[in-house]
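For clarity, every value in this text was computed on a predicted model and none was experimentally measured. Computed over heavy atoms, backbone and side chain alike; hydrogens, waters and symmetry mates excluded.
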Amino acid sequence: INNAGNVGIGIADPTARLDVTGTVKITDGSQATGRVLTSDATGFATWQTPPGSQVMLRNNITYAFSGADVLLNYTNELYNSLLGTSYSGTTLTLSQGVYEIESNIFLNENGMVEWNMRIDGAVSTKSISGLAAPVTYSGSNASPHKQEAIINVSVGSVDIDFIVLNYAGSLNADPAQCWVRIKRLQ
């Protein structure tokens, strides 16, 4: 400790409140490989999984009819490293954070479907609608436009699902080829 009150570890003349030369070990029970030390607004730090590596991929589209509305979501979890998520019925719950969300519908038969994401039961104003139509590419139908959104869950959590806005012909989709990908950005 020098006259200015700075503490040095491995250094004779510290220039900051805590000046460390060498390696540092911080353990609190939440440390793990690949985690980063992150502070909150008051300066308390915990080990966190970096947001860019938190991702979820789901497929196997399922429909639910709610009055005149057709709701859908993706029931099969292929991969999930998102913290604080849960799935029930046709609803996926996301905890606080900023998320990039993309979904796709692959139609088996001629038809058209336009869909969008809902947040807590209302169509999101932060989302671009998806449109699946009979576009032939290498002998297969493909969605010319996938649904895309970036949302900020600033307080608590939100429930997301997807709603059919418009359709013509058959809603016959190949469940295994329909997917949603959610990536936590922050």
Are any non-hydrogen side-chain atoms of [X] and [Y] less than 4.5 angstrom apart?
X: Ile163; Y: Val70; result: no
X: Asp159; Y: Leu92; result: no
X: Arg58; Y: Met56; result: yes
X: Pro175; Y: Phe106; result: no
X: Ile151; Y: Leu94; result: yes

Heavy-atom pair of closest approach, residues [X] and [Y]:
X: Ser129; Y: Asn116; value: OG-ND2, 3.0 Å
X: Leu131; Y: Glu114; value: CD1-CB, 4.1 Å
X: Pro14; Y: Gly8; value: CG-N, 3.5 Å
X: Ile160; Y: Ile101; value: CD1-CD1, 4.0 Å
X: Ala149; Y: Met117; value: CB-CE, 3.6 Å
X: Asp120; Y: Ser157; value: OD2-O, 4.5 Å

Which residues share a salt bridge (Lys or Arg N to Asp or Glu O under 4.0 Å) with Glu102, sequence neighbours left out
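Per chain and number, Glu102 pairs via salt bridge (Lys or Arg N to Asp or Glu O under 4.0 Å) with Lys146, Arg181.
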Given Ile105 and Ile61, is the side-chain contact (heavy atoms from CB on, under 4.5 Å) satisfied, shown in steps?
CA-CA 8 Å; Ile105 296 177; Ile61 195 168; 3.8 Å; yes
Take atom CD1 in Ile1; do more than 12 heavy atoms of anything else shown fall under 6.0 Å from it?
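Open: at most 12 neighbouring heavy atoms sit under 6.0 Å from CD1 of Ile1.
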Heavy atoms from other residues, nucleotides or ligands near OH of Tyr87 exceed 12 (cutoff 6.0 Å)
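Count over threshold, so yes.
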If we count only N and O atoms by modelled type, under 3.5 Å, do the side chains of [X] and [Y] hold a donor and an acceptor together?
X: Trp47; Y: Thr38; answer: no
X: Asp40; Y: Thr42; answer: yes
X: Asp161; Y: Thr91; answer: no
X: Ser127; Y: Glu148; answer: no

Start with the C-alpha gap between Asn2 and Asp13, add the side-chain angles, then the distance that decides, and say whether side-chain contact (heavy atoms from CB on, under 4.5 Å) holds.
CA-CA 7 Å; Asn2 66 13; Asp13 189 21; 3.8 Å; yes
Joint cluster assignment, [X] & [Y], ILVMFWY side-chain distance < 4.5 Å:
X: Ile128; Y: Leu185; value: no
X: Ile26; Y: Val7; value: yes
X: Leu18; Y: Ile11; value: no
X: Ile182; Y: Ile119; value: yes
X: Trp115; Y: Val123; value: no

Got a sec, which residues hit side-chain contact (heavy atoms from CB on, under 4.5 Å) with Ala16, two or more places apart in sequence or on another chain?
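Ala16: no side-chain contact (heavy atoms from CB on, under 4.5 Å) contacts found.
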Applying side-chain contact (heavy atoms from CB on, under 4.5 Å) to Asn166 and Val164, what does each step give before you reach the verdict?
CA-CA 6 Å; Asn166 188 16; Val164 173; 5.9 Å; no
side-chain contact (heavy atoms from CB on, under 4.5 Å) assessment of Tyr99 paired with Val153
CA-CA 8 Å; Tyr99 298 90; Val153 182; 4.0 Å; yes
Atom pair CG (Asn59) and SG (Cys178), whose distance is rounded to the nearest 0.5 Å:
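Interatomic distance, Asn59 CG to Cys178 SG, rounded to 0.5 Å: 8.5 Å.
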Rounded to the nearest 0.5 Å, how far does CG of Asp28 lie from OG of Ser30?
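The distance works out to 3.5 Å.
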Say whether, by atom type as modelled, one donor and one acceptor occur between the side chain of [X] and the main chain of [Y] under 3.5 angstrom.
X: Asn80; Y: Leu82; answer: yes
X: Asp19; Y: Thr15; answer: yes
X: Thr75; Y: Asn60; answer: yes

Sequence neighbours excluded, which residues qualify as ring-ring contact (aromatic ring centres under 6.0 Å, His included) partners of Tyr74?
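Checked Tyr74 against ring-ring contact (aromatic ring centres under 6.0 Å, His included); matches are Phe162.
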